[in-house]
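Some notes on the structure that comes next.
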Amino acid sequence: MTGIRAKQKEKTRRALINAALNQLDPQTSFFSLSLREVAREANIAPTSFYRHFQNMDELGLTLVDEGGLTLRQLLRQARQRLADGGSVIRISVEIFMDFIANNRGVFRLLLQEHSGTSKEFRLAIAREIDHFKAELADYLLNERKLPEHLARLQADAMVRIVFSIGADALDLSATERAELAEDTILELRMIARGATALQKPKGEYHDPT
């Protein structure tokens, strides 16, 4: 019976998470949701909400954590695909676009609350973004043999661009999203080539600025 109750509890918890995500759209932020609305969408009594989350803030932070974890797992899969050949930039952008298409609610939450009024949410989202930057910088350092400071700067630039592009991709059609992905790939390659050029010995690289 303990196992059955645990499965039912997890099922209800997941229903609450999905209910919150389903209600997020361009006009609806997480902090405009009410506990009653989420509970009704999940088909449970409002009082049952507290068996799974202390409050709406805890639910929101759970969404941030799960969204970040899902994306990091997908990007790690991208590295595994590289063993079969292919461009790290192309594979990563394609996976990121797939993530947005299949997780609109989560990504919308990350965008909306990245500069929102809640310091706790801003810090949680900033930590997730820092995780992406750190993993990419580690890859550039170890696999592309970039100096540490260039790996860090390239990772920062690339993550900023990808998240910005993600906001544009949210409500595009599949065809429009594919076109945007191609533009993004070209922009990221420009950054990568610039980082490579900066590795050249002094005197071999001319800074046009």
Side-chain angles (χ1 to χ4, degrees), residues 14 17-18 21-22 24-26 62-115 124-200 205:
R14 179 55 50 184
I17 290 172
N18 291 336
L21 291 175
N22 289 341
L24 296 178
D25 58 42
T62 298
L63 298 182
V64 171
D65 290 343
E66 289 200 355
L69 178 61
T70 298
L71 184 51
R72 289 200 302 277
Q73 289 173 338
L74 289 172
L75 293 178
R76 286 168 188 162
Q77 290 175 20
R79 291 191 187 186
Q80 294 174 2
R81 285 173 55 185
L82 289 174
D84 299 325
S87 161
V88 61
I89 289 177
R90 175 171 294 280
I91 290 173
S92 297
V93 169
E94 288 175 350
I95 285 179
F96 187 76
M97 289 297 185
D98 286 343
F99 170 80
I100 292 173
N102 296 314
N103 300 273
R104 282 187 171 87
V106 170
F107 193 71
R108 204 181 297 281
L109 173 65
L110 295 176
L111 289 175
Q112 289 172 341
E113 304 307 331
H114 183 222
S115 57
I125 294 169
R127 282 195 298 270
E128 293 301 328
I129 293 175
D130 285 343
H131 285 318
F132 306 143
K133 292 179 182 178
E135 290 203 11
L136 179 55
D138 181 68
Y139 174 83
L140 294 171
L141 180 66
N142 294 301
E143 301 297 330
R144 293 293 184 259
K145 307 304 179 184
L146 281 180
E148 184 175 356
H149 71 289
L150 287 181
R152 177 176 52 80
L153 289 173
Q154 182 178 334
D156 180 76
M158 295 177 87
V159 170
R160 288 178 187 273
I161 285 178
V162 168
F163 268 79
S164 176
I165 293 298
D168 297 331
L170 263 176
D171 299 307
L172 296 180
S173 67
T175 299
E176 292 170 328
R177 199 161 50 247
E179 292 173 352
L180 181 59
E182 291 301 321
D183 289 343
T184 304
I185 289 167
L186 180 57
E187 290 174 357
L188 295 180
R189 284 177 174 166
M190 291 167 66
I191 291 174
R193 289 177 182 177
T196 299
L198 286 171
Q199 293 183 81
K200 293 181 178 180
Y205 174 73

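The first residue in the sequence is number 1, and the count goes up from there.
A pairwise comparison of heavy atoms in A137 and A151 identifies O-CB, 3.7 Å as the closest pair. Of all heavy-atom pairs between I89 and A192, the closest is CD1-CB, 4.2 Å. In terms of heavy-atom proximity, L146 sits nearest to L141 at O-CD1, 3.1 Å. Heavy atoms only, all atoms of each residue included: L69 and E128 are closest at N-OE1, 4.2 Å.
Among the candidates T62, V106, N22, the single residue satisfying the side-chain contact (heavy atoms from CB on, under 4.5 Å) test with I17 is T62.
A distance of 9.5 Å separates CG in D168 from CD1 in I100, rounded to the nearest 0.5 Å. For the atom pair NE2 of H131 and CG of L136, the computed distance is 14.5 Å after rounding to the nearest 0.5 Å. We find the CG-CG distance between N102 and L74 to be 9.0 Å, quoted to the nearest 0.5 Å. Between atom CG of residue L109 and atom CD of residue E113 there is a gap of 6.0 Å, rounded to the nearest 0.5 Å. Here the CD1 atom belonging to I125 is positioned 5.5 Å from the CG atom belonging to L110, to the nearest 0.5 angstrom. Distance CE/M158 to CZ/F132: 14.5 Å, rounded to 0.5 Å.
Between E176 and D171, every side-chain heavy-atom pair lies at or beyond the 4.5 Å cut-off. With contacts defined as side-chain heavy-atom distances shorter than 4.5 Å, the pair R104/L21 does not qualify. Inter-residue side-chain proximity for F107 and L71 is flagged as unmet; no heavy-atom pair is nearer than 4.5 Å. Side chains of L172 and E179 form no contact here, defined as non-hydrogen atoms less than 4.5 Å apart. At least one side-chain heavy atom of I165 sits less than 4.5 Å from a side-chain heavy atom of I161. Between V162 and L188, the closest side-chain pair of non-hydrogen atoms falls below 4.5 Å. Residues I129 and H114 meet the side-chain proximity criterion, which asks for heavy atoms closer than 4.5 Å. Side-chain contact between R144 and T196: absent, with no pair of heavy atoms (C-beta onward) separated by less than 4.5 Å.
Taking a cutoff of 4.0 Å between a charged side-chain nitrogen and a carboxylate oxygen, R177 and E94 do not qualify as a salt bridge. At a threshold of 4.0 Å, the pair R160-D156 counts as salt-bridged, since one of the basic side-chain nitrogens sits closer than that to a carboxylate oxygen.
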Report the C-alpha distance between N142 and D138 in whole Å, list the side-chain angles of each, state the deciding distance to 0.1 Å, and finish with yes or no for side chain to side chain donor-acceptor pair (under 3.5 Å). CA-CA 6 Å; N142 294 301; D138 181 68; 2.8 Å; yes
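Taking the six-membered ring where tryptophan is involved, the planes of F163 and F96 are tilted, since the angle between them lies from 30° to 60°.
Dense packing is recorded around CD of E66, with more than 12 heavy atoms of other residues, nucleotides or ligands lying under 6.0 Å away.
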